Visitor: 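Please read through the structure below; I'll follow up with questions.
Because the structure is a prediction, the values reported are computed rather than measured. Residue numbering restarts at 1 for every chain, and letters A, B, ... go by the order of the sequence lines.
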Number of protein chains: 2
Amino acid sequence: MSGIADVARIAGVSKSTASRALTGGGYVSESTRQRVIDAARVIGYVASPNAASLVTGRTKNVGVIIPFVNRWYFGEVLEGIEDGLLACDYDLTLYNVRPGTTSRARIFEHFLARKRFDGIITIGIEPSPAELARLVSLERPVVALGGQLPGIASVSIDDVAVSRLATEHLIGLGHTRIVHIGGERSDDLVGSVHGRRLTGYMDAMEAAGLGAQILYVPSDMSVPGGYAAGVQVIGDPRNRPTAISAASDEVAVGTIIAARRTGMEVPSDLSVVGVDGHEYAEMFSLTTVEQSPREQGAAIVDLLMDALEGRPSADHVLLHPTRLVVRSSTARPRPEAMTRS
Amino acid sequence: MSGIADVARIAGVSKSTASRALTGGGYVSESTRQRVIDAARVIGYVASPNAASLVTGRTKNVGVIIPFVNRWYFGEVLEGIEDGLLACDYDLTLYNVRPGTTSRARIFEHFLARKRFDGIITIGIEPSPAELARLVSLERPVVALGGQLPGIASVSIDDVAVSRLATEHLIGLGHTRIVHIGGERSDDLVGSVHGRRLTGYMDAMEAAGLGAQILYVPSDMSVPGGYAAGVQVIGDPRNRPTAISAASDEVAVGTIIAARRTGMEVPSDLSVVGVDGHEYAEMFSLTTVEQSPREQGAAIVDLLMDALEGRPSADHVLLHPTRLVVRSSTARPRPEAMTRS
DNA sequence: AGCGAGTCGGGAACCGGTTCCATGGACACG
DNA sequence: CGTGTCCATGGAACCGGTTCCCGACTCGCT
């Protein structure tokens, strides 16, 4: 174990000079700086972040609070964040607060209190008031992805617009009996992603004079969830819709699988549109509104870095380069279906 | 910011006594211990892990090196590990060494050298000799999941047996023209999971006297990868197989989607068997050999904890409660297909 | 020549804990 | 009553860096 004292001795300087040379603060002549750096390289010296952060108060580490790692969106975002943090020389500690586990309370009460990080990124989390107070009490910058919180800078896409765009695509094709799968009635419609996407669907329907046809089915935001909801929606042949506006691509894919299982053809019997730009979208020829979670990860890292460096930054960043990619899971409805409506 | 000095002052004892009372070492009378604990609770004191680890050398943190977070297997394993570590009061820092990025070298050279952890878990990683040397030079216990390394304790399932079991199921149904999708010829057949599953397939074929029929197609271990390979295998109607033994469920699902796209029925035209027990398996009625990544995550944490506590432990733990779950993606081959062989 | 500003480097304090060592009291035993 | 052991506690050193403060030296200017 070689410490900075060894480096200093080899370079023939004092600890303080060695530290200045390596961290780049204060006055050090170019020649001695070089000598110190060489000495450090020779013995393979790497500063202990523990010791450094003890005095500087900065850990070069950020905490990421995330509900899932193996849902596509969250996985992609996480990888985007990891890349961004690596580039800024930060480590990443993972706090996985999966719903339905007891770990959430323990993480908020116990693990976060250790303050092993300079800042926190939350992803798709809606903290309770108590949790929010906890976060604030850490006295570290907190930024949120996908959900606005009072007093916390955030990044998100315009979920209302995205879902409205998807629904308008179906309406433009001539569909009128369109069901939305994903949003849950119990959700706070302003706060949650699910809720905002439901709102987008409803906005589009109302704008087209189809307010009376609004119908939505709650679903887990996953392929199996979409499958189950799809089975339910398709199950009743009498008031079967001609199109589905799904809140995510995973839901959309699940719905497509359910439709095929039931012997329905996509898109001739049923059009399906999703939101995400999932890696499976192409395979299923899924029409979807793309968002790029990796970029969102990068953006949230930028925002946090602004806060850490004390740079001024926006309260809220709205990423909007989302675009509709039309593939062959959507088409005009069958004529008989149209008249039957 | 309250430190242990504040706790000590409030409790009316010295720093050293306060420390002993809170960490549980040395002699402290029950009454003063209680007084200290109360004082700590009153001011919401949480010890700085940085300061503590500076002197103890233990960080209460482990590093996890993982190639993907959003492949099902890896995501599940990661969640299993997170749960296990939380239970032991450890934090988790994530080192994501996605193939095809430059981050891998930076992580091994730069980030690991910071030694912010008491131990390392690698998942499905095959380190180069240089990387292995790096890991050893950290002087911290390293354990590996899914891949044996010289001098490193590990946990894995019997990939050869698992794949053999899957293939034997197809042979038992009467299939003879069975293609394996997944393994790559270039892989070290002993070292990699892909390779071992290929070996299991070949073993089963040879044992059944079908050695001459052995055929395998390399593929990315993902749904799109399986889809692409499936298209390729099915593409040539002349020597189309009657069954596919896929190296993972994601590959199997991709193959099923490809088959359906081509108008083939599963299982009547093509039987498909996978390995994993993926969350999509039921939806696709996939016959598969289940493994439980979450348990593997728990097991690898146990192994690391043994090493950290200095307990003796096995060099290698072979988890074998893997079982074949038969659903309806596999069936007897069509008679004409059998004779045509 | 005298002086101030700017540059360079060393000594020592400090971050917030843990642990070694010394001290002192209580108690048992010869 | 002296002495040894055990228990409880406090003081101080220490972990490995960073940073404050101060002294010395150089240089340019009056």
Visitor: Side chain to side chain donor-acceptor pair (under 3.5 Å): which pairs involve residues 55-66 of chain B, sequence neighbours left out?
Guide: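 Applying side chain to side chain donor-acceptor pair (under 3.5 Å) to every pair that reaches into residues 55-66 of chain B, excluding sequence neighbours, yields B:T59-B:D118.
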Visitor: In chain order, what residues pass the side chain to side chain donor-acceptor pair (under 3.5 Å) check against A:H110, with sequence neighbours excluded?
Guide: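 Testing A:H110 for side chain to side chain donor-acceptor pair (under 3.5 Å), a comparison that skips the adjacent residues, returns B:D89.
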Visitor: Tell me which of A:I4 and B:R33 sits closer to the 5' end of DNA chain D, going by the nucleotide each one is nearest to.
Guide: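 The residue whose closest nucleotide sits nearer the 5' end is B:R33.
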Visitor: Under the rule for ring pair (Phe, Tyr, Trp, His ring centres under 6.0 Å), what residues qualify as partners of A:F117, not counting sequence neighbours?
Guide: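 Expected list: none.
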Visitor: Where along residues 13-26 of chain B does a heavy atom fall under 4.0 Å from DNA chain D?
Guide: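 Heavy-atom cutoff 4.0 Å gives B:V13, B:S14, B:S16, B:T17, B:R20.
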Visitor: Just to verify, what does B:R20 make a side chain to side chain donor-acceptor pair (under 3.5 Å) with, not counting sequence neighbours?
Guide: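 Counting only residues at least two positions away or on another chain, B:R20 forms a side chain to side chain donor-acceptor pair (under 3.5 Å) with B:T17.
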Visitor: Apply salt bridge (Lys or Arg N to Asp or Glu O under 4.0 Å) to A:R106 and list each qualifying residue two or more places apart in sequence or on a separate chain.
Guide: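 Expected list: none.
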Visitor: Contact list please: residues 46-56 of chain A against DNA chain C, heavy atoms, distance less than 4.0 Å, in numerical order.
Guide: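 Within residues 46-56 of chain A, the residues near DNA chain C are A:L54, A:V55.
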Visitor: Taking 4.0 angstrom as the limit, do A:D6 and A:R9 come out as a salt bridge?
Guide: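 Salt bridge between A:D6 and A:R9, a charged N being under 4.0 Å from a carboxylate O: yes.
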Visitor: Using five base pairs at each end, measure the axis-to-axis angle across the helix from C:dA1-D:dT30 to C:dG30-D:dC1 and round it to 10 degrees.
Guide: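 About 60°, once rounded to a multiple of 10°.
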Visitor: Between which nucleotides of DNA chain D, read 5' to 3', does contact with chain A run, using atoms under 4.0 Å from its heavy atoms?
Guide: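 Boundary nucleotides touching chain A, in 5' to 3' order, are D:dG16 to D:dC20.
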Visitor: Are any of the side-chain nitrogens in B:R98 or A:E82 under 4.0 Å away from the carboxylate oxygens of its partner?
Guide: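 The answer is no: the pair does not qualify as a salt bridge.
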Visitor: Return yes if some donor-acceptor pair links the side-chain N/O of B:R104 with the main-chain N/O of B:P99 below 3.5 Å, else return no.
Guide: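 Flag not set: sc B:R104 to bb B:P99 has no pair under 3.5 Å.
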Visitor: Please determine, by modelled atom types, if A:Q291 and A:Y73 share a side-chain donor-acceptor pair under 3.5 angstrom.
Guide: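 Side-chain D/A pair, A:Q291 to A:Y73: absent.
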Visitor: Check salt bridge (Lys or Arg N to Asp or Glu O under 4.0 Å) between B:E76 and all other residues, then give those that pass, not counting sequence neighbours.
Guide: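 Expected list: B:R294.
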Visitor: Among B:V142, B:L138, B:V136, which one satisfies side-chain contact (heavy atoms from CB on, under 4.5 Å) with B:R140?
Guide: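 Among B:V142, B:L138, B:V136, the one that satisfies the side-chain contact (heavy atoms from CB on, under 4.5 Å) with B:R140 is B:L138.
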Visitor: Indicate yes or no for a side-chain donor-acceptor contact from B:R35 to the backbone of B:A11 under 3.5 Å, with no hydrogens or angles considered.
Guide: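 Here the side-chain-to-backbone pair exists.
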Visitor: Is there a side-chain contact (heavy atoms from CB on, under 4.5 Å) between B:Y90 and B:L308 once you walk through the steps?
Guide: CA-CA 12 Å; B:Y90 277 75; B:L308 289 176; 3.6 Å; yes
Visitor: With distance as the sole test, does B:S292 use its side chain to make a donor-acceptor pair with the main-chain N or O of B:E295 at under 3.5 Å?
Guide: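 Not a single qualifying donor-acceptor pair exists.
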Visitor: Sequence neighbours excluded, which residues qualify as ring pair (Phe, Tyr, Trp, His ring centres under 6.0 Å) partners of A:F68?
Guide: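 If we apply the ring pair (Phe, Tyr, Trp, His ring centres under 6.0 Å) test to A:F68, skipping adjacent residues, the hits are A:F74.
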Visitor: With 3.5 Å as the limit, what N/O pairs link the protein to nucleotides 4-6 of chain C?
Guide:
none

